[in-house]
Amino acid sequence: MKLAVVEGDGIGKEVIPAAIEVMDALALPVEKVPVELGYGKWERTGSAITDDDLETLKECDCILFGAITTPPDPAYKSVLLTIRKELDMYANIRPIKPIDGIVGVTGRNDFNLVIVRENTEGMYSGIEEIHEDVAYTKRVITRKGSKRIAEYACKLAKSRQNRVEIVHKSNVLKSDRLFLDVCRQTASSHDVEYHDTLVDSMAYNLITHPNRYDVIVTTNLFGDILSDMAAALVGGLGLVPSANIGEKHAFFEPVHGSAPDIAGKGIANPIAAILSMKMMLEWFKLTDQAKLIQDAMEYAINQNWVTPDLGGKATTKEVGQVIAGRVKQLIG
Ligand code: NAD
């Protein structure tokens with residue numbers, strides 16, 4: 001396996017090495033290709049990502065990514081949006097599942113849902129105009145884009161509880177009428193149970209009744225916001241992994257950003273990055289190895305090897321070392 005490793009900026013430089021240490025404990029035949037992207041690179045070279053970087057990413061079997069800081073440049077083009085679009089990774093998968101031993105803000109753990117976010121269009125189409133007194137961002141929803149994300153969500157639902165919740169704002173946005181219609185038709189043709197909710201109502205329901213949902217499918221911006229919010233249900237941003245999946249490429253990253261407020265202090269929670277690496281193993285169908293990572297992570301939490309966001313005293317490095325050590329023990 002040829003793996004592009006992008007640490008990025010801020011805590012990306014701390015949580016990705018921890019995830020790699022855990023992956024290395026599995027002793028898999030992985031060729032790691034480090035790729036520098038982001039704010040640091042932009043400061044040094046004037047460019048946060050180059051065409052050569054994109055080529056390197058395309059040549060690898062998949063990508064493990066930390067997070068990057070957005071440079072303070074009005075003309076800056078998002079690195080993440082560029083990668084997702086160039087590699088056509090249209091499905092952003094964000095599982096929201098309680099971890100044993102950790103309680104989120106609502107105190108409940110009777111839910112297990114996945115947010116499937118369309119990743120290449122919507123409000124993040126990149127079609128924008130900035131004038132002195134007015135600025136425009138074009139929200140693009142296509143039949144093709146809606147159909148393929150709806151199909152992804154339905155296939156995922158088939159392997160779970162066969163239920164899809166379509167989240168939209170079609171009472172106000174005409175573009176979402178198309179999204180909703182296509183999602184309904186797709187769910188119906190896949191024989192998947194479906195229901196739809198307005199995004200504002202969904203924000204409320206996610207907090208009050210997260211157990212109502214199995215697979216949630218939504219557009220780009222709504223998925224981005226709802227998944228950060230949903231992270232609070234499971235104990236915080238330090239715990240939620242994600243995958244960006246396309247026909248040819250896949251990219252795994254924690255949901256959180258570069259967290260400049262804690263970067264360099266060695267206290268970032270590496271679990272979201274470690275679980276992203278675990279999603280990568282599952283994508284490669286290395287299910288036994290993925291299970292080892294889950295067991296080792298639960299062991300570390302059980303032994304209170306957790307970072308301050310979870311009320312512990314452990315450093316990022318220590319959590320990575322304990323989980324890696326446990327993986328080695330389990331392998332025997
Ligand atoms: P953030 O996710 O970086 O941080 C939000 C809050 O969560 C902060 O208080 C932070 O300390 C905390 N947090 C995040 N990850 C944590 C972890 N692993 N352990 C413990 N606490 C954690 O969001 P932000 O502060 O809005 O953004 C910071 C920078 O990151 C910005 O430049 C933003 O554009 C960028 N960003 C990048 C990505 C990405 O690369 N995927 C995603 C979101 C934001």
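For the single chain, residues carry numbers from 1 onward in sequence order. All ligand and atom numbering here is 1-based and tracks the order in the structure. Just so we're clear, the structure is a prediction, and the values are computed from it rather than from any experiment.
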For ligand 1, which atoms sit closer than 4.0 Å to a heavy atom of [X]?
| X | result |
| --- | --- |
| Gly257 | 1 (P), 2 (O), 3 (O), 30 (O), 36 (N), 37 (C), 38 (C), 42 (C), 43 (C), 44 (C) |
| Thr69 | 32 (O) |
| Pro260 | 28 (C) |
| Ile11 | 15 (N), 16 (C), 17 (C), 18 (N) |
| Thr70 | 32 (O), 33 (C), 34 (O) |
| Glu253 | 41 (N) |
| Leu80 | 39 (C), 40 (O), 41 (N) |
| Ala67 | 40 (O) |

- Message: Could you check whether atom CZ of Arg143 has more than 12 heavy atoms from other residues, nucleotides or ligands sitting under 6.0 Å from it?
- Response: no
Please write down residue, atom name and distance for the protein heavy atom closest to [atom].
| atom | result |
| --- | --- |
| atom 14 (C) of ligand 1 | His256 CB, 3.6 Å |
| atom 3 (O) of ligand 1 | Ala259 N, 2.8 Å |
| atom 35 (C) of ligand 1 | Ile68 O, 3.2 Å |
| atom 21 (N) of ligand 1 | Ile262 CD1, 3.5 Å |
| atom 5 (C) of ligand 1 | Leu237 CD1, 3.9 Å |
| atom 19 (N) of ligand 1 | Asn269 N, 2.9 Å |

Electrostatic pair [X]:[Y] at N-O distance under 4.0 angstrom:
| X | Y | result |
| --- | --- | --- |
| Arg94 | Asp224 | yes |
| Lys291 | Asp295 | yes |
| Arg84 | Glu253 | yes |
| Lys147 | Glu151 | yes |
| Asp214 | Arg160 | yes |
| Lys248 | Asp61 | no |
| Glu165 | Arg212 | no |
| Arg184 | Asp196 | yes |
| Glu86 | Lys58 | yes |

Based purely on interatomic distance, does [X] place a nitrogen or oxygen under 3.5 Å from a nitrogen or oxygen of ligand 1?
| X | value |
| --- | --- |
| Gly238 | no |
| Ala268 | no |
| Pro254 | no |
| Ser258 | yes |

- Message: Out of the candidates Val306, Val234, Leu310, only one should pair with Ile102 under the side chain to side chain contact (heavy atoms under 4.5 Å, CB included) rule; please name it.
- Response: Leu310
Distance flag for [atom], protein heavy atom under 4.0 Å:
| atom | answer |
| --- | --- |
| atom 41 (N) of ligand 1 | yes |
| atom 26 (O) of ligand 1 | no |
| atom 1 (P) of ligand 1 | yes |
| atom 38 (C) of ligand 1 | yes |

- With respect to atom 11 (O) of ligand 1, which of Ile271, Asp309, Asp261 exhibits the smallest heavy-atom separation? Asp261
- Message: Centroid separation under 6.0 Å, is that true for the rings of Phe65 and Phe251?
- Response: yes
- Message: Within the structure, is a non-hydrogen atom of Ala272 found at a distance of less than 4.0 Å from ligand 1?
- Response: no
- Task: Establish, for the pair Arg139 and Phe222, whether the NZ or CZ atom is under 6.0 angstrom from the six-membered ring centre and no further than 45 degrees off its axis.
- Result: yes
- Query: Nearest heavy-atom pair of Ile68 and Leu80: which atoms, and what distance?
  - Reply: CD1-N, 4.5 Å
- Query: Any idea which part of Ile267 is under 4.0 Å from ligand 1, heavy-atom wise: side chain, backbone, both or neither?
  - Reply: neither
- Query: Can you find a pair of side-chain heavy atoms, one from Met1 and one from Met280, that are under 4.5 Å apart?
  - Reply: yes
